[in-house]
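Take a look at the structure below.
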Amino acid sequence: MPILVANFFTDYCVPNISLTNSGEEEHFVVFVVINCIIQRLFQKRPEKGKMVVLSSEDDFDEEPGEVIESAPPQKVGEERQLRGLKKKLLRHGHGWETPNFNDVVTVHRVGTLLDGAALGSSTWDTDQPLTFTLGNDDVPGLDRGITSMKKGEVALFTLPADDEGDVWRDSDSVVQFEVELLSWIRVVDVCKDGGVIKKIVEQGSGNDRPSDLDEVLVKYQVALVDGTVVEETPEGGVEFYVKDGHLFPILPKVIMTMTRGEKAELIVQPQYAFGETGRDSGTGLCRIPPNSVLHANIELVSFKPVINVTGDSKVLKKILKEGEGAFTANEDAHVTVSFTAMLEDGTVFEKRRTGEEQPLEFITDEEQVIVGLDRAVATMKKGERAIISIHPEYAFGNVEVKRDLAIVPPGSNVVYDVEMLDFIKEKAPWELNSKEKIEVAGRKKEEGNVLFIGGNYLRAQKKYEQAVDFLSDDGSFGYSEQKQADALRVSCWLNSATCSLKLNDFSGAIKLCSQGICMTIHQLFHLLTVHEWLVMNVLVEGSFSTYAEVLDVEFCNVKALYRRAQAYIETGDFVLADVDIKKALVADPQNREVKIIQKKLKQLQADKDKKDAKLYENMFACKTKDSSTAIKRLKVEKDERENEDGARMEEDTVADSAVI
């Protein structure tokens with residue numbers, strides 16, 4: 001047993017145990033020591049003299065959460081208790097959807113008592129199914145059972161006896177109903193107040209619904225209560241953007257509840273239609289009287305999704321044809337596109353169409369095309385076609401630009417009809433080996449440096465961040481590679497911090513510099529003491545030669561301290577700036593840049609001290625002046641009160657002398 005391990009064992013685990021070199025006891029000691037170190041990593045150092053063994057019950061318990069009730073699918077012939085009644089499945093239904101309360105259902109049913117006596121006639125015999133709204137059934141409780149059924153399902157429901165004395169059964173009878181759910185119409189209360197009721201006549205396809213930016217194609221017919229048609233679309237329907245509204249105010253909200261191909265019936269109350277004023281007749285318009293309830297049949301034929309690419313509605317992408325798969329080009333992808341570029345009036349100023357001209361190839365996020373086109377293409381899938389509307393801010397700005405086919409005037413909105421032919425994405429970090437990761441990170445760092453020299457600090461910072469993403473401490477690097485990766489990562493952090501300083505993001509600079517100052521690698525294991533690190537190494541790999549090799553941490557990165565001090569000065573935190581400067585000078589006493597910033601800090605501190613001294617002097621002077629003024633005011637008020645009392649006494653004396 002090495003002395004180092006033995007001492008650690010005695011200090012942290014069980015001091016009274018006798019240690020030997022026997023094989024079994026040696027393994028036991030190793031287990032306990034590693035256990036204690038793991039405890040230390042999770043800030044759970046065992047008390048001296050006590051051995052703590054990790055337990056799955058003690059240390060890995062899951063947090064208590066919500067218990068989700070679930071049951072296996074009901075089998076044919078099986079009976080289950082269901083919310084106050086019993087349900088016996090007689091035949092499976094189709095699909096997974098079930099009706100809700102307020103839906104209009106169509107069913108076959110027959111009711112019997114337990115002795116077999118029939119309750120009315122069977123709808124199967126008459127072939128006349130019942131249609132009613134769930135929640136308004138004449139059989140109390142049965143609607144709860146129907147909400148558990150799927151289309152085509154047949155079930156036998158047993159309803160318990162009650163004391164209500166219903167006309168269809170004796171007060172002490174238990175009744176059974178055999179029910180087949182034929183179909184139902186989904187009913188949606190769009191505004192949750194009964195003002196707009198939507199009955200889904202035919203389900204649409206998929207789950208996607210239009211948003212307020214999308215362009216929709218709809219067909220509809222609108223009529224009054226007496227059946228008079230007051231509005232109808234042409235045979236092919238009508239196209240409009242949801243956000244622009246159409247016909248009556250609530251229609252866009254209704255459309256955003258529909259799926260592609262869905263057909264529905266609407267009942268719209270006056271407050272959501274044309275209100276108290278109604279609508280006058282005009283060219284091609286029928287008159288709608290005031291306070292009219294409208295009935296409408298509507299179909300969402302299709303819609304074209306519109307994506308707000310930049311978040312400020314200055315680059316909008318309307319998808320004409322969906323692309324393949326789930327992946328988009330994203331940043332740093334080599335893309336091949338065909339396009340037609342136009343002004344808003346339709347004037348074509350550039351064209352690269354397949355079969356006519358050579359398609360355009362470029363790398364996204366490299367400023368090889370205008371920003372709006374770059375950002376939009378990065379969101380496209382292979383095979384996708386879209387119309388991209390671009391504001392001048394993301395296009396050619398306020399300058400005149402000559403293109404292949406026409407001149408783009410200053411401040412022009414432009415439109416691109418783009419098709420994504422192909423793209424090759426940059427490999428993700430997990431697709432590369434350790435050597436390739438370091439090479440890619442180094443290349444991105446150099447690209448960031450070029451951008452920084454050119455004054456493009458935002459894009460430079462983005463490149464540094466991308467480089468760091470390839471250098472994450474995921475255990476894939478060997479020892480020498482890890483040192484190289486760590487040095488590159490710290491360099492990228494500090495370069496990114498310099499960008500933050502240039503962009504006046506001082507809090508961001510402080511954060512990045514802090515990452516580069518202390519713990520840059522093996523962050524969890526650096527929580528260990530030197531003693532613990534050496535013990536772990538003896539047990540597992542063999543001892544390190546020096547403490548510095550164990551930690552491999554840049555505790556005094558002068559450049560990071562210098563830049564963080566700069567950020568602290570800009571935020572007015574002179575105390576922390578002084579601390580960083582002193583640390584940097586301890587590490588490098590002759591560093592010229594640090595000495596210059598120290599001189600600047602001393603001057604700023606002196607100026608602040610003078611300003612504070614003057615402020616406090618003015619405060620005290622003002623307080624002294626206020627005090628003397630208050631004393632004088634009290635004295636004057638006292639004299640005035642004495643004069644008033646003397647005058648009052650004189651008045652009383654005069655009054656007394658006037659009395660006879």
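Since this is a predicted model, take the numbers as computed values, not measurements.
- Proximity of a side-chain donor or acceptor of Arg352 to a complementary backbone N or O of Val337 within less than 3.5 Å is not detected.
- The NZ atom of Lys382 sits 9.5 Å away from atom CD1 of Ile424, with the distance rounded to the nearest 0.5 Å.
- Salt-bridge check for Lys425 with Glu431: failed, with every basic side-chain N at 4.0 Å or more from each acidic carboxylate O.
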task: Any chance you could lay out the side-chain contact (heavy atoms from CB on, under 4.5 Å) test for Gln221 and Glu232, step after step, and finish with the verdict?
output: CA-CA 4 Å; Gln221 185 184 74; Glu232 190 172 12; 3.2 Å; yes
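- Taking CD1 of Ile370 as the start and OH of Tyr416 as the end, the distance is 3.5 Å to the nearest 0.5 Å.
- Using a 4.5 Å heavy-atom cutoff, the side chains of Ile255 and Phe240 are in contact.
- If you check the side chains of Glu344 and Ser412, you find no donor sitting under 3.5 Å from an acceptor.
- Side-chain contact between Asp189 and Ile197 is present, with heavy atoms from C-beta onward closer than 4.5 Å.
- Between His334 and Glu361, some side-chain heavy-atom pair lies under the 4.5 Å cut-off.
- Using a 4.0 Å cut-off between charged nitrogen and carboxylate oxygen, Asp417 and Arg353 count as a salt-bridge pair.
- Interatomic distance, OG1 of Thr310 versus NE2 of His391, reported as 10.0 Å (0.5 Å rounding).
- Residues Thr571 and Asp573 bring no donor and acceptor atom of their side chains to less than 3.5 Å of each other.
- Ion pair Glu447/Arg443 flagged as a salt bridge, since at least one NZ, NE, NH1 or NH2 atom sits closer than 4.0 Å to an Asp/Glu carboxylate oxygen.
- Side-chain contact of Asn495 with Thr498: a donor-acceptor pair under 3.5 Å is absent, judged by distance alone.
- Counting heavy atoms from C-beta outward, Lys263 and Asn297 have side chains that stay 4.5 Å or more apart.
- With rounding to the nearest 0.5 Å, the separation of CD in Glu419 from CD in Glu384 is 10.0 Å.
- The closest donor-acceptor contact from the side chain of Glu436 to the backbone of Asn433 lies under 3.5 Å.
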- request: Under the side-chain contact (heavy atoms from CB on, under 4.5 Å) rule, what do Val268 and Val254 come out as? Steps first, then yes or no, please.
  value: CA-CA 10 Å; Val268 185; Val254 172; over 6 Å; no
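- At most 12 heavy atoms of other shown residues, nucleotides or ligands fall within 6.0 angstrom of atom NZ in Lys511.
- For the pair Arg403 and Phe349, the cation does not sit on the ring face, since its NZ or CZ is not both under 6.0 Å from the ring centre and inside 45° of the axis.
- Heavy-atom neighbours of Asp244 CG from other residues, nucleotides or ligands within 6.0 Å: above the threshold of 12.
- Counting heavy-atom neighbours within 6.0 Å of Asn504 CG, excluding the residue itself, gives a total above 12.
- Put simply, the side chain of Val238 reaches to within 4.5 Å of the side chain of Tyr220, judged on heavy atoms.
- Judged purely by atom type and a 3.5 angstrom limit, Arg563 uses its side chain to pair as donor or acceptor with the backbone of Leu494.
- Formation of a donor-acceptor pair under 3.5 Å by the Asp580 side chain with backbone atoms of Ala577 is not found in this model.
- The minimum heavy-atom distance between Leu217 and Gly236, with the atom names listed, is CD1-O, 3.5 Å.
- For the atom pair His246 NE2 and Glu231 CD, the distance stands at 6.5 Å (nearest 0.5 Å).
- Residues satisfying the ring pair (Phe, Tyr, Trp, His ring centres under 6.0 Å) test with Tyr464, not counting sequence neighbours, are none.
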- request: Kindly indicate, with the supporting measurements, whether the criterion salt bridge (Lys or Arg N to Asp or Glu O under 4.0 Å) is fulfilled by Asp486 and Lys483.
  value: CA-CA 5 Å; Asp486 291 336; Lys483 294 188 70 173; over 6 Å; no
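- Considering every non-hydrogen atom in both Trp184 and Glu97, the closest pair reads CH2-O, 3.4 Å.
- Residues passing the side-chain contact (heavy atoms from CB on, under 4.5 Å) test with Leu451, sequence neighbours excluded: Asn456, Arg459, Ala460, Lys463.
- Shown here for Lys317 and Ala386, the closest heavy-atom pair between the two residues is CG-CB, 3.5 Å.
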task: Take Gln461 and Ser500 through the test side-chain hydrogen bond (donor to acceptor under 3.5 Å, both in side chains) and record every step on the way to the result.
output: CA-CA 8 Å; Gln461 189 171 52; Ser500 294; 2.7 Å; yes
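- Nearest heavy atoms, Phe470 versus Lys444: CE1-CE, 3.7 Å.
- Counted within 6.0 Å of CZ on Phe327, heavy atoms from surrounding residues, nucleotides or ligands total 12 or fewer; the atom is thus considered open.
- The shortest heavy-atom contact between Glu239 and Lys304 is OE2-NZ, 3.5 Å.
- For Phe506, the ring pair (Phe, Tyr, Trp, His ring centres under 6.0 Å) criterion is met by no residue, not counting sequence neighbours.
- Rounded to the nearest 0.5 angstrom, Arg209 CZ and Leu300 CG are separated by 10.5 Å.
- Contact of the Val309 side chain with the Ile388 side chain is not registered, since no non-hydrogen atoms from C-beta on lie closer than 4.5 Å.
- The shortest side-chain heavy-atom distance between Leu213 and Lys243 falls under the 4.5 Å cut-off.
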message: Could you go through Tyr457 and Asp505, starting from their C-alpha distance and side-chain angles, then the distance that decides it, and tell me whether this counts as side-chain hydrogen bond (donor to acceptor under 3.5 Å, both in side chains)?
response: CA-CA 11 Å; Tyr457 305 124; Asp505 179 15; over 6 Å; no
field: Trace of the side-chain contact (heavy atoms from CB on, under 4.5 Å) decision for Phe339 with Glu350
entry: CA-CA 8 Å; Phe339 69 88; Glu350 194 171 4; 3.9 Å; yes
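- A 6.0 Å sphere centred on CG of Asp193 holds more than 12 heavy atoms belonging to other residues, nucleotides or ligands.
- A distance-only check finds no donor-acceptor pair linking the side chain of Asp212 to the backbone of Val242 [under 3.5 Å].
- Side-chain atoms of Thr364 come within 3.5 Å of backbone atoms of Asp332 as a donor-acceptor pair (strictly under, hydrogens ignored).
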message: What verdict does the side-chain contact (heavy atoms from CB on, under 4.5 Å) test give for Glu265 and Ile185, after you've listed the backbone C-alpha separation in whole Å, the side-chain angles of each residue and the deciding distance to 0.1 Å?
response: CA-CA 10 Å; Glu265 295 177 358; Ile185 297 174; over 6 Å; no
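- For the salt bridge (Lys or Arg N to Asp or Glu O under 4.0 Å) with Glu262, the lone residue among Lys199, Arg186, Lys198 that qualifies is Lys198.
- Two residues are said to be in side-chain contact when any heavy atoms from C-beta on lie closer than 4.5 Å; Tyr272 and Phe248 fail this criterion.
- For Ser496 against Leu512, the heavy-atom pair with the smallest separation is OG-CD1, 3.4 Å.
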